[in-house]
Protein chains: 4
Amino acid sequence: MKTFKYKDLDIKYLVEGEGKPLLVLNGIMMTINSWEPIAESFRASNTLIRLDMIDQGQSSKVNYDYTISDQADMIASFIKHLGYPQVSVMGISYGGYVGINLASRYPNLVDRLVLFNTAADVTERDAELFKTFLVTAKGDDPYAFYLATIPQFYGPTWYTTRNDWMLQRESILIEFFKSKDYRETVYRLAKSCLSHDCKDILKNITAHTLIVSGEEDYLLPYPRQQYLHQNIKNSQLLKMAKTGHVSPYENPWAYTSIVYGFINNPVVEFKI
Amino acid sequence: MKTFKYKDLDIKYLVEGEGKPLLVLNGIMMTINSWEPIAESFRASNTLIRLDMIDQGQSSKVNYDYTISDQADMIASFIKHLGYPQVSVMGISYGGYVGINLASRYPNLVDRLVLFNTAADVTERDAELFKTFLVTAKGDDPYAFYLATIPQFYGPTWYTTRNDWMLQRESILIEFFKSKDYRETVYRLAKSCLSHDCKDILKNITAHTLIVSGEEDYLLPYPRQQYLHQNIKNSQLLKMAKTGHVSPYENPWAYTSIVYGFINNPVVEFKI
Amino acid sequence: MKTFKYKDLDIKYLVEGEGKPLLVLNGIMMTINSWEPIAESFRASNTLIRLDMIDQGQSSKVNYDYTISDQADMIASFIKHLGYPQVSVMGISYGGYVGINLASRYPNLVDRLVLFNTAADVTERDAELFKTFLVTAKGDDPYAFYLATIPQFYGPTWYTTRNDWMLQRESILIEFFKSKDYRETVYRLAKSCLSHDCKDILKNITAHTLIVSGEEDYLLPYPRQQYLHQNIKNSQLLKMAKTGHVSPYENPWAYTSIVYGFINNPVVEFKI
Amino acid sequence: MKTFKYKDLDIKYLVEGEGKPLLVLNGIMMTINSWEPIAESFRASNTLIRLDMIDQGQSSKVNYDYTISDQADMIASFIKHLGYPQVSVMGISYGGYVGINLASRYPNLVDRLVLFNTAADVTERDAELFKTFLVTAKGDDPYAFYLATIPQFYGPTWYTTRNDWMLQRESILIEFFKSKDYRETVYRLAKSCLSHDCKDILKNITAHTLIVSGEEDYLLPYPRQQYLHQNIKNSQLLKMAKTGHVSPYENPWAYTSIVYGFINNPVVEFKI
């Protein structure tokens with residue numbers, strides 16, 4: 001892992017492979033390592049760039065509030081630091097918020113954009129979910145924090161077919177969630193979502209954009225991605241069957257195929 | 001174009017590009033040329049193989065009945081003729097019927113399978129549609145034939161956004177449909193559908209399979225592709241927003257990205 | 001049956017039962033008699049009013065073109081003729097076009113409005129369907145006319161579970177469709193649809209409105225009823241599972257329950 | 001309110017109106033009073049019977065565990081106590097669990113059955129939600145309890161259009177949730193859900209059944225009601241647009257119309 005100095009922060013990142021650059025933006029509780037099970041599909045043909053955003057993984061933890069725009073500003077600096085005129089960006093959930101913000105405010109930096117399980121804004125209803133993150137992060141019960149954050153991410157199909165995996169995951173995570181410092185990072189990351197609202201600037205996005213929905217994603221369901229599709233000019237919308245909010249794990253085969261094909265498709269203008 | 005001799009028939013085909021072979025199976029009224037607007041996405045990285053099936057395009061016309069299985073038998077011989085141990089197959093609608101039949105009865109010949117806007121069988125209700133093809137093909141009104149076959153293929157979004165294209169297409173096609181010989185070929189192709197039923201042999205498919213539905217495909221709507229997904233072991237299912245039955249034209253960008261990514265994805269087993 | 005004199009036309013109608021008046025508006029090829037299998041649910045508690053519109057059933061056939069607005073004007077006169085200040089109206093498909101037109105242009109005449117399987121306008125794509133009606137009505141093949149008009153009305157579930165009924169119906173209808181005079185009436189009724197467009201006047205509707213969609217109605221699918229719901233002030237929207245375009249036959253139990261409950265619900269304002 | 005003595009428990013109930021009896025089964029945190037805003041639609045034509053189940057509202061609180069079957073046994077005794085050979089039953093969510101259990105195990109007691117926003121069983125994934133109820137009920141933060149239980153019940157449309165109502169409700173409820181005794185009742189009610197599984201006995205239901213889904217009910221979404229529909233013989237399935245899990249409040253007009261019509265529909269057998 002390398003370090004990108006941003007203001008007084010150490011942003012950890014990893015660059016692998018060759019070819020058109022693809023920058024991956026993590027979901028709220030994901031890290032560089034979370035992508036490892038599917039990374040091979042990307043680094044075989046592309047320059048795969050992963051990073052931990054502020055308060056994620058190995059990057060610096062802070063003791064002040066920030067916003068999705070702050071994360072996007074950091075990403076913009078990071079892309080310039082790497083020396084790319086533009087990169088393709090793939091973001092999921094929280095990473096999608098940042099990707100949308102970035103592509104709206106720094107349109108020249110984004111080549112192609114892939115958005116999974118995300119939305120243009122955080123509604124009052126969405127905010128209630130993040131408030132359960134806040135309340136349980138500040139509390140002292142790692143199990144309450146687990147229940148508030150994890151189970152609803154996964155769709156019913158995954159819960160049924162991979163229940164063993166969920167149970168194993170639960171015991172690992174509850175152990176991990178005992179760290180108050182970690183819960184504090186999630187507290188701040190969740191807080192940064194509360195002001196996310198790009199509805200009025202979506203029109204600035206010039207990147208060719210692919211939006212992907214999970215049929216069983218009940219956190220950010222299909223109408224939210226339809227809204228993105230209607231308001232981003234050059235966009236397409238797909239829905240993945242039997243897939244919840246954690247699409248790279250729940251449906252790795254479709255997830256990687258969609259990204260691989262969209263990023264590397266040699267044609268972007270069709271004469272029909 | 002080259003010629004493959006099959007029994008007493010001339011099957012015309014076209015091979016372009018290099019890389020993993022991708023065989024494309026036409027919809028009922030499509031030909032090798034129909035794919036030209038999106039072919040570049042495929043031949044840039046793959047060996048793109050197109051052919052006209054029996055009674056399609058430049059291939060031989062016959063004066064007897066045949067079935068979807070007959071088309072699949074011909075395709076199996078064709079793949080062997082080309083010398084490939086197996087090829088990836090992408091079929092749409094009628095081409096999907098043939099692709100499903102082929103992958104069920106010759107599983108070893110099919111590497112990866114992509115099925116657009118298709119179904120495991122032709123129901124009594126589907127058969128009524130094909131009977132309108134039969135009746136108007138035998139009649140003498142090219143406009144009635146046009147109305148019976150073409151408009152319902154395209155989704156509401158395409159009809160609204162590309163109405164000029166539809167009108168231009170209409171006048172070209174009605175001129176073309178004056179040919180009784182052409183209408184006779186559609187008569188036989190439509191008739192070959194009436195016995196299509198692979199429900200009981202889907203379980204034989206071993207190919208990694210991607211099934212794609214059009215959200216506005218009211219001819220073969222989503223439940224038909226859900227059935228395929230439930231009954232094909234290694235399958236995934238996607239739905240394309242704002243797209244009808246003619247997905248390669250209505251949504252070329254998503255169509256080509258999905259196929260490109262799925263065929264060339266370097267990973268097919270994910271450890272999660 | 002009684003006769004209402006409208007201009008030089010005889011409009012046949014039937015009034016049964018007692019209670020709040022409910023006027024039923026037929027689909028394009030329906031008549032007063034088509035409702036008999038479900039009429040008991042309505043006339044037990046309401047004054048059930050059925051009529052054949054211009055060119056339908058026993059009412060006068062004409063030899064000139066007319067519009068949906070003409071049918072609505074006739075209905076407005078009919079309601080006044082019966083002496084009701086207002087009636088509740090239930091329309092399906094074509095009857096829904098007329099009901100929407102009536103409630104938009106004569107809002108004071110409509111108490112509550114129930115719209116099944118209908119739409120605010122006839123799009124270019126819809127028009128193609130009606131043109132198949134026109135072409136086959138003018139042709140001389142009753143079977144071609146049957147195929148163009150009937151099968152697509154019924155959903156896949158009905159086609160599977162009631163295939164015997166469909167086959168029996170087919171032979172009766174083909175015999176009936178031999179009448180050129182009958183086909184001429186359908187020709188004119190279909191033609192009257194081509195100019196249907198109430199999109200800009202939906203805002204005038206004051207009636208409490210219930211809109212009902214068939215999950216398997218591929219002629220006028222759910223987005224069309226969503227449009228009505230978004231543009232009619234006091235409206236609610238329901239979707240019936242496993243039901244196509246002929247909802248009173250495909251799902252009589254839900255159909256009658258919904259109408260019965262909505263028309264007779266003693267409360268229309270809830271304080272929540 | 002009257003009292004029904006069941007074992008050592010006082011079950012409070014209220015009977016109003018005349019006509020065919022309709023028994024209403026509360027959602028988990030509802031009481032007799034919760035129905036007041038829509039009760040007029042029912043008591044105008046029916047005998048409306050409301051009760052608080054064990055641990056709900058004014059009925060006895062207990063200090064032991066019980067199951068959904070225990071609640072259903074109590075209801076069965078209650079119906080016999082009232083002297084009705086059978087009653088129609090309308091249950092929502094938790095009340096739907098009880099209604100399904102009752103109609104499966106005491107089929108003779110149930111005339112017609114209406115099930116809103118409910119499911120045949122509590123899956124592992126559903127159980128996680130109830131565990132957040134358990135954990136926050138045992139904790140000491142009324143706001144955490146509020147966040148864990150209430151916001152996700154309401155759909156996005158309600159949250160947007162009635163945000164003032166939600167905020168007002170929030171302050172009332174948080175005050176109310178300060179009662180540890182109340183939270184204990186919810187603890188036991190939630191615990192009683194964990195063993196709910198009627199999948200194998202649905203086939204015993206003989207009542208004419210109407211199942212209703214909320215399009216924005218992301219707690220128990222449409223596939224759960226489709227399962228009920230597929231496994232209950234005489235059933236129909238409707239989906240309410242723009243409606244979440246609290247359908248009687250989010251869509252009172254459609255809610256009451258559906259129940260009113262289904263319970264009082266004079267016909268239950270249609271000859272088509």
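All values reported here derive from a predicted model rather than from experimental measurement. Sequence lines set the chain letters: A, B, ... in the order given, protein chains first and strands last, and positions in each chain run from 1.
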**Asked** Does the side chain of B/Thr256 reach to within under 4.5 Å of the side chain of A/Phe262, using non-hydrogen atoms?
**Response** no

**Request:** Would you indicate whether the side-chain heavy atoms of B/Pro266 and A/Tyr260 approach each other to under 4.5 Å?
**Result:** yes

**Prompt:** Hey, which of A/Val212, A/Ile263, A/Asn234 has the most heavy atom pairs under 4.5 Å with chain B?
**Reply:** A/Asn234

**Item:** Interatomic spacing from OG in A/Ser257 to CD1 in B/Ile258 - rounded to 0.5 Å
**Value:** 9.5 Å

**Item:** chain A contact via B/Glu215 - which portion, at a heavy-atom distance below 4.5 Å
**Value:** side chain

**Message:** Can you tell me which portion of B/His229 sits under 4.5 Å from chain A's heavy atoms? Options are side chain, backbone, both or neither.
**Reply:** side chain

Heavy-atom distances under 4.5 Å only: say whether [X] touches chain B with side chain, backbone, both or neither.
X        : answer
A/Glu269 : neither
A/Gln225 : neither
A/Tyr222 : side chain

Does a sphere of radius 6.0 Å around [atom1] in [X] hold more than 12 heavy atoms from other residues, nucleotides or ligands, not counting ones at 6.0 Å or beyond?
X        : atom1 : result
A/Gln58  : CD    : no
A/Asp200 : CG    : no
B/Glu16  : CD    : yes

**Message:** Strictly less than 4.5 Å between heavy atoms, which residues of residues 27-41 of chain B line up against chain A? Please order them by number.
**Reply:** B/Pro37, B/Ile38, B/Glu40, B/Ser41

**Prompt:** So which bits of residues 236-255 of chain B come within less than 4.5 Å of chain A, counting non-hydrogen atoms only?
**Reply:** B/Gln236, B/Leu237, B/Leu238, B/Lys239, B/Met240, B/Ala241, B/Lys242, B/Pro248, B/Tyr249, B/Asn251, B/Pro252, B/Trp253, B/Ala254

**Complete:** Answer key: most heavy-atom pairs under 4.5 Å with chain A among B/Ile272, B/Val267, B/Val259 is B/Ile272

